[in-house]
Amino acid sequence: MMPDARDDEVDLLIDAWSRRLPDIDLTPLDVMSRLRRAANRLSRLRAEAFRGAGLAAWEFDVLAALRREEPPHELSPMQLVAATMIGSAAMTNRIDKLLARGLVERRPHPRDGRGVLVRLCPEGIERADAAMTALAQREAEELSALSRADQATLARLLRVLARSEPG
């Protein structure tokens, strides 16, 4: 069977597998393989936007968690762990690196004598804002082929998929 001129990589992949496994329903690949490809593309797009602001993706994640907080833009390390969904040892390492770059500062927690708060520095605010601005612009460009209504529909469907438990 000759591929249709409209077929994309996923269509061709599914066609090839359906010849090898004719009894298997491969229709989920129509969605999931495209989601994987879109996620990979988004990762590259995000990395480019963050690089333009002088940040790595992990740096942006920590700075963004702080920036979303009301001034003075600070959280405890455990709150940062929860906001970024990484382990506490990795967070300590990340905070140390951001501290060395002058993007955050540590200060004593006013209500916990043993605790600290991580506060966003002015340079961290500038870089987080620049990265988010570039990201929003690039993502808008990526989605420009879809109408606002299609974007809203896609967001609604992805929200359902993201909430669902596997299986």
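Computed from a prediction, not measured in an experiment: that's the story for all the values here. Just so you know, these numbers use all the heavy atoms, side chains as well, and skip hydrogens, waters and symmetry mates. All residue numbers in this chain count up from 1 along the given sequence.
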Out of M32, R37, R36, which one pairs with V10 under the side-chain contact (heavy atoms from CB on, under 4.5 Å) rule?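 When M32, R37, R36 are each tested with V10, the side-chain contact (heavy atoms from CB on, under 4.5 Å) holds only for R37.
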
Test L66 against every option in L120, I125, L117 by the side-chain contact (heavy atoms from CB on, under 4.5 Å) rule and name the one that passes.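 Answer to the side-chain contact (heavy atoms from CB on, under 4.5 Å) test with L66 among L120, I125, L117: L120.
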
Within the 4.5 Å heavy-atom criterion, are [X] and [Y] side-chain neighbours or not?
X	Y	result
L98	E59	yes
L135	L45	yes
L35	L161	yes
R94	W58	yes
S76	V118	no
V116	P77	yes
V104	R119	no
K97	L103	no

Checking D11 against R34 for the salt bridge (Lys or Arg N to Asp or Glu O under 4.0 Å) test, could you report, in this order, the C-alpha distance in whole Å, the side-chain angles of both residues, the deciding distance, and whether it holds? CA-CA 10 Å; D11 293 321; R34 285 184 178 85; 3.0 Å; yes

Return the [atom1] to [atom2] distance between [X] and [Y], rounded to the nearest 0.5 Å.
X	Y	atom1	atom2	result
R127	D129	CZ	CG	12.5 Å
E74	E105	CD	CD	8.5 Å
D25	S18	CG	OG	11.0 Å
L99	R106	CG	CZ	5.5 Å
R101	L63	CZ	CG	8.5 Å
S88	N93	OG	CG	11.5 Å

Would M85 end up clustered with L75 when hydrophobic side chains under 4.5 Å apart are linked, directly or stepwise?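 No, because M85 and L75 fall into different hydrophobic clusters, even though each may have its own neighbours under 4.5 Å.
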
Verify the cluster assignment for V31 and L13: are they in a single hydrophobic cluster under the rule of side-chain heavy atoms below 4.5 Å apart?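 Looking at the clustering, L13 is in a separate group from V31.
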
Enclosure of R41 CZ (heavy-atom neighbours >12, cutoff 6.0 Å):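 It does not: R41 CZ has 12 such atoms or fewer within range.
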
For [X] and [Y], which heavy atoms make the closest approach, and how far apart are they?
X	Y	value
A65	T84	CB-CG2, 4.4 Å
A57	F50	CA-CD1, 3.5 Å
F60	A131	CD1-CB, 3.6 Å

Checking side-chain contact (heavy atoms from CB on, under 4.5 Å) for the pair I86/V62: CA distance, chi angles, key distance, verdict? CA-CA 10 Å; I86 64 162; V62 176; 5.5 Å; no

Salt bridge between R138 and E142, side-chain N to carboxylate O under 4.0 Å?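 Answer for the salt bridge query: no.
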
